[in-house]
Engineer: 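Structure below; questions to follow.
Side-chain atoms are counted along with the backbone in the values below, which use heavy atoms only and exclude waters and symmetry mates. Start at 1 and go down the list; that is how both ligands and their atoms are numbered.
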Amino acid sequence: MKILETKNLKKYYGKDENLVKALDGINIRVDKGEFVAIVGTSGSGKSTLLHMLGGLDRASEGKVIVENNDIFNMNDEELTIFRRRNVGFIFQNYNLVPILNVYENIVLPIELDGCKIDTQYVNEIIDILGLNKKVDALPNNLSGGQQQRVAIARALATKPSIILADEPTGNLDSKTEQDVLGLLKVTSSKFNQTIIMITHNEQLAQMADRIIRIEDGKVVDRGESHATK
Ligand code: ADP
Ligand code: ADP
């Protein structure tokens with residue numbers, strides 16, 4: 001079942017001789033529960049695409065449809081609410097709040113949203129990500145891999161249907177990054193969440209169910225799913 005789709009998605013920056021076609025007619029489809037990697041060289045449009053999919057920025061042309069909502073038909077306020085409810089973001093720099101402990105960081109988006117904390121669910125995520133013994137620690141006292149696991153837990157805390165990850169393990173060594181991504185895979189598949197990850201790292205991309213390749217703002221390979229579900 002389809003959860004997300006783009007229709008002739010275009011994003012241009014600048015104009016006239018400075019015009020950059022960052023996205024030049026992207027058509028992709030992602031199914032619920034799928035783990036898709038979007039791979040391309042630097043400057044191919046990956047970050048721009050991820051920003052469009054998460055409604056962080058508006059397209060020049062075309063559509064992004066998430067769970068039957070044409071997201072660019074929403075006004076800014078509706079789009080913010082949509083993002084908070086449906087999308088979990090994981091970035092390369094973990095963006096943890098240094099004065100809050102691990103647990104407080106993880107539940108922060110739930111509290112900002114004014115929602116009740118599903119303690120059982122949050123504890124389960126903390127457990128799977130191996131953070132039980134670290135809930136009281138401050139981010140500065142954690143390793144990079146641990147901090148990234150906290151960022152993952154925080155992204156999952158609001159039960160988003162879609163997780164958008166931008167080079168999520170870019171600051172970690174290769175053993176740790178595979179472990180961390182493996183944990184993200186386990187948690188998201190347990191809760192039937194969809195992951196869309198952008199990366200230039202082929203080895204990491206191989207952990208996805210499907211690899212979409214982009215070059216110069218165009219899809220050059222839509223990939224074949226080898227999902228087991
Ligand atoms: P990443 O793809 O690793 O997230 P960035 O998005 O920061 O990296 O940058 C990717 C490319 O986009 C770079 O070539 C950078 O120069 C360019 N770029 C990013 N932001 C801007 C901007 N505001 N103006 C012009 N070029 C930009
Ligand atoms: P990637 O993430 O694959 O490195 P980006 O999406 O960051 O690619 O960039 C795609 C193209 O758009 C690049 O040519 C980049 O320089 C340009 N670009 C990205 N962001 C901006 C921006 N804010 N202003 C102008 N050009 C940008």
Engineer: For Ser44, state whether at least one heavy atom is located under 4.0 Å from any atom of ligand 2.
Structural biologist: yes
Engineer: Check ligand 2 against Thr41 and write out every atom of the ligand that is under 4.0 Å from a heavy-atom position of the residue.
Structural biologist: 3 (O)
Engineer: Run the contact test for Gly40 against ligand 2 with a 4.0 Å cut-off on heavy atoms, strictly below, and give the result.
Structural biologist: no
Engineer: Provide the number and element of each atom of ligand 2 under 4.0 Å from a heavy atom of Lys46.
Structural biologist: 1 (P), 2 (O), 3 (O), 4 (O), 6 (O), 8 (O)
Engineer: For Tyr13 and Ser60, test the side chains for any donor-to-acceptor distance below 3.5 angstrom and give the result as yes or no.
Structural biologist: no
Engineer: What are the two closest heavy atoms between Val87 and Pro160, and how far apart are they?
Structural biologist: C-CB, 3.6 Å
Engineer: Is it the case that the side chain of Gln206 and the backbone of Gln203 share a donor-acceptor pair, with hydrogens and angles ignored and the cut-off at 3.5 Å?
Structural biologist: no
Engineer: State the atoms of ligand 2, each with its element, that fall below the 4.0 Å cut-off from a heavy-atom position in Ser47.
Structural biologist: 1 (P), 2 (O), 6 (O), 7 (O)
Engineer: What I want to know is whether Ala22 and ligand 2 share at least one N or O pair that is separated by under 3.5 angstrom.
Structural biologist: no
Engineer: Could you work out, with side-chain hydrogen bond (donor to acceptor under 3.5 Å, both in side chains) as the rule, every residue matching Asn201, not counting sequence neighbours?
Structural biologist: Glu177
Engineer: Examine distances only and state if a side-chain atom of Asn105 and a backbone atom of Leu100 form a donor-acceptor pair shorter than 3.5 Å.
Structural biologist: yes
Engineer: Once you restrict to heavy atoms under 4.0 Å, what part of Thr48 touches ligand 2? Side chain, backbone, both or neither.
Structural biologist: both
Engineer: What donor-acceptor contacts under 3.5 angstrom involve side-chain atoms of residues 129-136, with partners at least two apart or in another chain?
Structural biologist:
{"unit_1": "Asn132", "atom_1": "ND2", "unit_2": "Asp127", "atom_2": "OD1", "d": "2.7"}

Engineer: Do you know which two heavy atoms are closest between Tyr121 and Ala157, and how far apart they sit?
Structural biologist: CE2-O, 3.5 Å
Engineer: With heavy atoms under 4.0 Å as the rule, classify the contact between Leu49 and ligand 2 as side chain, backbone, both or neither.
Structural biologist: neither
Engineer: Based purely on interatomic distance, does Gly45 place a nitrogen or oxygen under 3.5 Å from a nitrogen or oxygen of ligand 2?
Structural biologist: yes
